[in-house]
Amino acid sequence: MSQQPSPFSPTKDFAKRLLAWSDINGRKDLPWQSDKTPYRVWVSEIMLQQTQVAAVIGYYQRFMEHFPDIHSLAHAEEQQVLAQWAGLGYYARARNLHKAAKHVVFDLDGAFPSDVEKIMELSGIGRSTAGAISSIAFKRSAPILDGNVKRVLTRLHDIEGWPGGREIEKQLWQLADNYTPTERCEDYTQAIMDLGATLCTRSKPQCTQCPFQTDCQAYANDTITLRPTSKPKKKNPVKECWILDITCNNETLFEKRPASGIWGGLHSLPELSREYTYDEILEEVERRFDLKGLSIDEARPFKHIFSHYTLLAHPVRIQVSRQENSIREERLEWLTHEARAQKGLPAPISKYFEEKITKP
DNA sequence: AAATCGGGGGT
DNA sequence: ACCCCAGATTT
């Protein structure tokens with residue numbers, strides 16, 4: 001755990017300078033930026049959660065015409081709410097909005113809660129959205145930590161580590177809280193989102209326009225493109241299977257694989273789900289190939305790493321007695337080791353045979 | 001094709 | 001308390 005020596009080295013007057021910047025460059029004419037009632041702010045924050053400003057504007061205006069206040073929303077049928085939401089996507093947001101409206105109107109006497117803790121109890125509102133509503137609608141000093149703010153803060157402090165992780169997120173909330181002013185906190189909330197949305201963007205940030213260029217640790221360290229640290233790719237799953245090494249005399253049964261998928265179109269050993277028991281394997285061999293197994297035993301498993309998963313193949317050797325009337329299919333082929341060497345086979349299968357020959 | 005996003009839900 | 005997902009867009 002690399003505890004940073006000082007998790008917080010305050011940039012002096014951050015809020016003041018940010019507000020000075022946003023007074024000139026910030027957006028102040030969006031539909032939800034006038035008449036900032038809790039209801040109007042809330043609806044805008046929910047709509048903006050996973051959707052860009054430009055896409056939200058039209059929906060917001062129509063939504064407000066249909067449901068001008070929280071009472072009209074609470075008394076509406078869910079279908080009417082969803083109808084107004086149609087096209088915005090993420091419809092769970094609309095259901096949560098409706099559910100929360102009913103809760104406020106019928107359980108809280110229509111009084112929208114003002115502190116973060118209470119706001120967070122409403123469906124569809126987490127800590128960041130609650131902070132936004134509390135600060136913008138109630139002018140309470142409450143931090144937010146949405147994607148924009150995470151980006152600004154991880155760059156300003158050049159914080160390494162995925163912001164979704166526990167420790168980093170905790171550190172970011174601490175920073176967000178420290179920077180949040182008591183004066184003009186509603187403008188500050190809007191301003192830091194504007195900074196992230198217009199200058200401190202994910203790609204091609206406009207650092208030359210940024211009022212914090214000389215404060216920015218990532219800029220100084222030339223790590224802007226590395227911040228925020230991207231989510232660690234979850235390590236690939238391991239998939240296991242049986243690989244059937246079916247032999248009769250000196251020949252092995254190969255099966256041409258489907259054209260698409262892994263090893264598409266190549267000849268390979270038949271593959272079965274690892275779930276099968278020996279008995280089930282033999283049943284399947286008889287069903288699919290019309291071959292009776294005489295003996296069955298396992299060889300050493302081999303591993304093959306694909307880009308998206310690791311295959312752990314368990315070869316199972318099956319001796320069969322060749323029948324006259326064995327199923328004949330285009331995709332099935334009996335090959336000797338010599339013939340096999342000429343054939344296009346998946347590398348792991350070829351390798352398996354090299355080992356089998358050199359170390360029987 | 002892969003990364004992103006804030007909250008919900010499952011473990 | 002922690003991890004992961006659904007659902008849609010963006011790069």
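Order of the sequence lines sets the chain letters (A, B, ...), proteins ahead of strands, with each chain counted from 1.
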Colleague: Side chain of A/R166, heavy atoms from C-beta onward: which of B/dG8, C/dC3, C/dA8 has the nearest atom to it?
Modeller: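 Of B/dG8, C/dC3, C/dA8, C/dC3 is nearest to the side chain of A/R166.
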
Colleague: OH of A/Y59 versus P of C/dA8: gap in Å, rounded?
Modeller: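 A/Y59 atom OH is separated from C/dA8 atom P by 12 Å.
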
Colleague: As a test of reading the structure: which of B/dC5, B/dG6, B/dT4 is closest to the side chain of A/T129, going by heavy atoms?
Modeller: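 The answer is B/dG6.
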
Colleague: Both distances under 3.5 Å, Watson-Crick or G-U wobble: report the partner of B/dG6, or none.
Modeller: none

Colleague: Decide, yes or no, whether a salt bridge links A/R184 with A/D187 under the criterion of side-chain N to carboxylate O below 4.0 Å.
Modeller: yes

Colleague: Going by atom types only, do A/Q84 and A/H66 share a side-chain donor-acceptor pair under 3.5 Å?
Modeller: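 There is such a pair (donor and acceptor under 3.5 Å, judged by atom type) between the side chains of A/Q84 and A/H66.
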
Colleague: To the nearest angstrom, how far is A/R95 atom CZ from C/dG7 atom C1'?
Modeller: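 It works out to 12 Å between those atoms.
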
Colleague: May I ask you to say whether A/E329 pairs ionically with A/R288, meaning some side-chain N is under 4.0 Å from a carboxylate O?
Modeller: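 No, no charged N to carboxylate O under 4.0 Å.
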
Colleague: Quick one: A/E167 CD to C/dC3 P, roughly how many Å, whole number?
Modeller: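 Roughly 11 Å, once rounded to whole Å.
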
Colleague: Nearest whole angstrom, please: distance from the C1' of B/dC5 to the CD1 of A/I144.
Modeller: 14 Å

Colleague: Produce the list of close N/O pairs, under 3.5 Å, pairing protein atoms with atoms of nucleotides 9-11 of chain C; give distances to one decimal.
Modeller:
residue, atom, partner, partner atom, Å
C/dT10, OP1, A/Q52, NE2, 3.2

Colleague: Rounding to a whole Å, what distance do you find between A/L122:CG and B/dG7:P?
Modeller: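 Value for this atom pair: 12 Å.
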
Colleague: Nearest whole angstrom, please: distance from the C1' of C/dA6 to the CZ of A/R93.
Modeller: 12 Å

Colleague: What is the distance, rounded to the nearest whole Å, between atom CD of A/E169 and atom C1' of B/dG6?
Modeller: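 Those two atoms, CD and C1', are 10 Å apart.
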
Colleague: Do NZ/NE/NH1/NH2 and the carboxylate oxygens of A/E271 and A/R257 come within less than 4.0 Å?
Modeller: yes

Colleague: Looking at every strand, decide which applies to A/R151 at a 4.0 Å heavy-atom threshold: base, sugar-phosphate, or nothing.
Modeller: sugar-phosphate

Colleague: With rounding to whole Å, what would you report as the distance between B/dA3 and C/dC4 at their C1' atoms?
Modeller: 16 Å

Colleague: Separation of A/I46 atom CD1 from B/dG7 atom C1', in whole Å?
Modeller: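 The distance from CD1 of A/I46 to C1' of B/dG7 comes to 9 Å, rounded to the nearest Å.
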
Colleague: Ignoring hydrogens and geometry beyond distance, is a side-chain donor-acceptor pair present between A/Y219 and A/D158 at under 3.5 Å?
Modeller: no

Colleague: Using a strict threshold of under 4.0 Å (side-chain N to carboxylate O), is an ion pair present between A/R287 and A/E284?
Modeller: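 A salt bridge links A/E284 with A/R287.
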
Colleague: Just checking A/S123: base, sugar-phosphate only, or nothing, at a heavy-atom cut-off of under 4.0 Å?
Modeller: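 Sugar-phosphate contact only.
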
Colleague: Say whether A/R151 and A/N148, considering side chains only, have a donor N or O and an acceptor N or O under 3.5 Å apart.
Modeller: yes

